[in-house]
Amino acid sequence: MAIEHAFLPVLLGDEMNAYGMARAFYEAYGVKPLALNHTNMEKIQQSDLLTFREVPRLHIEERFVTALKSIAQEFIDKKLLLLACDEFYVKKIVEHKAELTEDFIIPYVDATLAHQLLTREKMYELCAQYGFQFPAMHVCTVNDYDNFDMPFEYPIVIKPMNMEKYSACIFPGKKKVYIAHDKDEKDSIFHAIYKESAYRDDLMIQQYIPGEDANMRVVNAYVGQDGKAKLLAVGNPILEEHSPEGIGRYVAIMTTYNKELMDIVKTFLEAIQFQGFATFDMKYDDRDGQYKLLSIELHNELSNYYVTASGYNFMQYVADDFVRGSKQSLTYVENKHLWTIVPNGVLFKYVQNEQLVIEAKSLIRQGMATDSIFNYKDMNAKRWLNVTLDNLSFYRKYKKYFNNKGLSNI
């Protein structure tokens with residue numbers, strides 16, 4: 001049973017990310033966050049760890065602040081901690097930070113820095129000053145794609161830069177991310193996006209880094225409101241989703257220890273006067289022995305729960321810092337743990353590195369593994385049925401889409 005608390009986390013956006021955050025808050029404090037979205041999230045409504053509310057037109061610019069202020073009036077006696085579960089709502093929060101601060105605790109940087117970190121070109125320019133390596137990239141527009149002159153060798157990654165607008169487009173062969181191995185494939189992808197869909201925004205063209213899913217690394221950080229890093233963790237994603245709509249989503253992560261990666265992230269975040277959560281996605285390039293930075297996210301994804309599962313509750317850091325004012329020292333996570341959202345049968349069959357499979361099996365036997373969705377403490381009959389069906393669907397999707405090409409450079 002949830003305990004009455006003086007603070008309430010308010011989560012905006014993506015349903016699965018909201019679940020991972022809600023589980024962490026509940027485990028730390030027994031508090032049930034309020035999850036808001038403008039769509040009906042059936043899966044999240046089945047959970048007993050949070051309270052869901054559909055807020056019509058929450059995503060509309062002229063409605064956003066008004067709707068949140070109305071919510072705040074209902075909980076006037078509580079400290080409201082506002083957190084985004086996807087990039088769209090991160091941008092919304094930082095754009096309206098001054099207005100929202102009257103009613104909510106906002107653990108985010110200001111809009112200028114946020115947009116710099118979330119815009120791929122500007123992010124790379126900033127990160128290059130602090131020693132990060134990254135794959136070559138180019139931005140292609142609807143006006144110049146016909147005359148696009150490839151600045152680097154194939155294969156290449158092609159990804160829409162405005163995912164909000166792209167997600168609303170429907171056309172044959174649509175994927176979240178594309179990989180072109182030659183000019184014909186590239187031209188076919190350009191044609192499908194710009195001729196067969198309504199998408200007219202820019203495309204990111206980036207050099208592909210070869211290698212399996214296990215070459216990926218994700219560095220998760222929490223920086224306190226004093227500008228000092230408090231928690232850093234490194235995860236080794238050993239398996240990703242490979243379906244067209246889910247390419248690149250981590251489904252299994254094993255914690256690992258890499259002080260060099262944590263050091264460079266810590267130095268960077270403190271130097272730019274960051275605060276809050278940050279996720280750095282990187283990929284190891286066998287060709288030169290370097291980790292290449294792919295993206296930085298400021299919202300918490302479902303996979304970030306691997307940090308909490310490793311023994312360091314990620315959500316507790318932000319609540320203890322911004323709500324409780326607790327003093328926190330710097331921690332580099334070393335605990336070994338396996339986080340997953342796929343059945344063991346899928347994990348053992350499709351992880352390509354045999355040594356990692358052996359290690360995963362060992363962690364499972366030792367009880368050092370966590371499925372953040374299949375949560376036995378939050379399993380009413382309806383939720384159990386839907387989670388079980390989702391688990392079974394992974395067998396079908398991997399059989400259909402897994403191609404051993406390691407589509408992780410996104």
Side-chain angles (χ1 to χ4, degrees), residues 12-18 37-44 54-64 84-92 95 115 118-123 137-148 150 154-206 208 240-250 281 294-295 297-299 301-302 393 396-397 400-401 403 405 407-410:
L12 306 184
D14 187 282
E15 60 180 90
M16 298 314 295
N17 296 347
N37 207 333
H38 59 276
T39 57
N40 187 326
M41 301 186 292
E42 182 179 346
K43 288 182 183 177
I44 213 172
E54 182 180 355
V55 181
R57 302 172 65 244
L58 177 65
H59 63 303
I60 303 299
E61 176 63 25
E62 58 270 21
R63 170 74 174 146
F64 181 70
C85 307
D86 54 42
E87 185 175 306
F88 174 79
Y89 280 110
V90 168
K91 292 178 178 178
K92 283 290 187 187
E95 286 168 1
H115 287 306
L118 296 174
T119 303
R120 196 68 65 103
E121 289 177 292
K122 293 179 180 179
M123 180 268 287
M137 69 162 287
H138 179 82
V139 176
C140 181
T141 74
V142 68
N143 297 317
D144 65 14
Y145 77 94
D146 273 335
N147 302 313
F148 175 65
M150 181 62 60
Y154 291 96
I156 59 172
V157 178
I158 302 174
K159 182 177 181 179
M161 296 191 72
N162 190 328
M163 292 305 293
E164 180 190 356
K165 291 185 178 179
Y166 183 73
S167 63
C169 298
I170 301 174
F171 60 95
K174 178 184 176 181
K175 296 181 180 180
K176 178 183 174 184
V177 180
Y178 302 82
I179 293 184
H181 295 86
D182 53 41
K183 183 179 183 302
D184 288 343
E185 279 192 320
K186 181 261 293 180
D187 290 344
S188 177
I189 293 166
F190 281 176
H191 183 274
I193 294 174
Y194 282 138
K195 292 293 188 181
E196 298 182 20
S197 84
Y199 186 78
R200 292 296 177 269
D201 280 68
D202 297 346
L203 296 174
M204 182 193 75
I205 316 301
Q206 192 163 39
Y208 175 69
E240 297 182 13
E241 190 167 336
H242 287 251
S243 62
E245 70 280 1
I247 287 176
R249 183 175 71 133
Y250 302 141
D281 288 304
L294 303 179
S295 66
E297 303 289 353
L298 307 186
H299 66 275
E301 300 178 343
L302 178 64
S393 74
R396 173 183 52 79
K397 287 196 289 187
K400 182 175 182 180
Y401 295 113
N403 58 15
K405 291 181 179 178
L407 308 181
S408 30
N409 180 23
I410 62 173

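- The ring-ring contact (aromatic ring centres under 6.0 Å, His included) check on H191 picks up nothing, with sequence neighbours excluded.
- When atom types are taken as modelled, the side chain of S188 and the backbone of D184 share no donor-acceptor pair closer than 3.5 angstrom.
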Step-by-step side-chain contact (heavy atoms from CB on, under 4.5 Å) determination, I156 to M150:
CA-CA 9 Å; I156 59 172; M150 181 62 60; 3.3 Å; yes
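- Residue D202 holds its CG atom at 9.5 Å from NE2 of H138, rounded to the nearest 0.5 Å.
- In this structure, the side chain to side chain donor-acceptor pair (under 3.5 Å) partners of Y166, at least two apart in sequence or on a different chain, are Y178.
- No donor-acceptor pair closer than 3.5 Å links the side chain of K176 to the backbone N or O of M163.
- Proximity of Y199 to V142: side-chain heavy atoms (C-beta onward) are nowhere separated by under 4.5 Å.
- Side-chain atoms of N17 come within 3.5 Å of backbone atoms of C85 as a donor-acceptor pair (strictly under, hydrogens ignored).
- Side chain of R200 to main chain of Y194: a donor-acceptor pair is present (N/O by atom type, distance under 3.5 Å, no hydrogens or angles).
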Tell me, with the steps shown, if Y250 and D281 meet side chain to side chain donor-acceptor pair (under 3.5 Å).
CA-CA 11 Å; Y250 302 141; D281 288 304; 2.6 Å; yes
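- In this structure, Y89 has no ring-ring contact (aromatic ring centres under 6.0 Å, His included) partners at least two apart in sequence or on a different chain.
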Please lay out, stage by stage, how L58 and R63 fare under the test side-chain contact (heavy atoms from CB on, under 4.5 Å).
CA-CA 6 Å; L58 177 65; R63 170 74 174 146; 5.6 Å; no
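- Partners of D201 under the salt bridge (charged side-chain N to carboxylate O under 4.0 Å, His left out) rule, at least two apart in sequence or in another chain, are K165.
- Contact check for M16 versus E301: no side-chain heavy atoms found under the 4.5 Å cut-off.
- Residues passing the side chain to side chain donor-acceptor pair (under 3.5 Å) test with K397, sequence neighbours excluded: E241.
- Between V157 and Y208 the shortest heavy-atom distance is CG2-CD1, 3.8 Å.
- For E121, there are no side chain to side chain donor-acceptor pair (under 3.5 Å) partners two or more places apart in sequence or in a different chain.
- Atoms OG and CZ, from S295 and R120 in turn, are 5.0 Å apart once rounded to the nearest 0.5 Å.
- Contacts of F88 classified as ring-ring contact (aromatic ring centres under 6.0 Å, His included), with partners at least two apart in sequence or in another chain: none.
- Expressed to the nearest 0.5 Å, how far OH of Y145 lies from SG of C140 amounts to 9.0 Å.
- Taking SG of C169 as the reference point, atom CD of E196 lies at 12.0 Å (rounded to 0.5 Å).
- With sequence neighbours excluded, the residues satisfying side chain to side chain donor-acceptor pair (under 3.5 Å) with T141 are D144.
- The two residues K186 and I158 come nearest to each other via the heavy atoms CG-CD1, 4.2 Å.
- E87 pairs by the salt bridge (charged side-chain N to carboxylate O under 4.0 Å, His left out) definition with K91, not counting sequence neighbours.
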Go through V90 and D86 one step at a time and tell me if the side-chain contact (heavy atoms from CB on, under 4.5 Å) criterion holds.
CA-CA 6 Å; V90 168; D86 54 42; over 6 Å; no
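- For K183, the salt bridge (charged side-chain N to carboxylate O under 4.0 Å, His left out) partners are D187, not counting sequence neighbours.
- By the salt bridge (charged side-chain N to carboxylate O under 4.0 Å, His left out) test, K92 is found to be paired with E61, residues two or more places apart in sequence or in another chain being considered.
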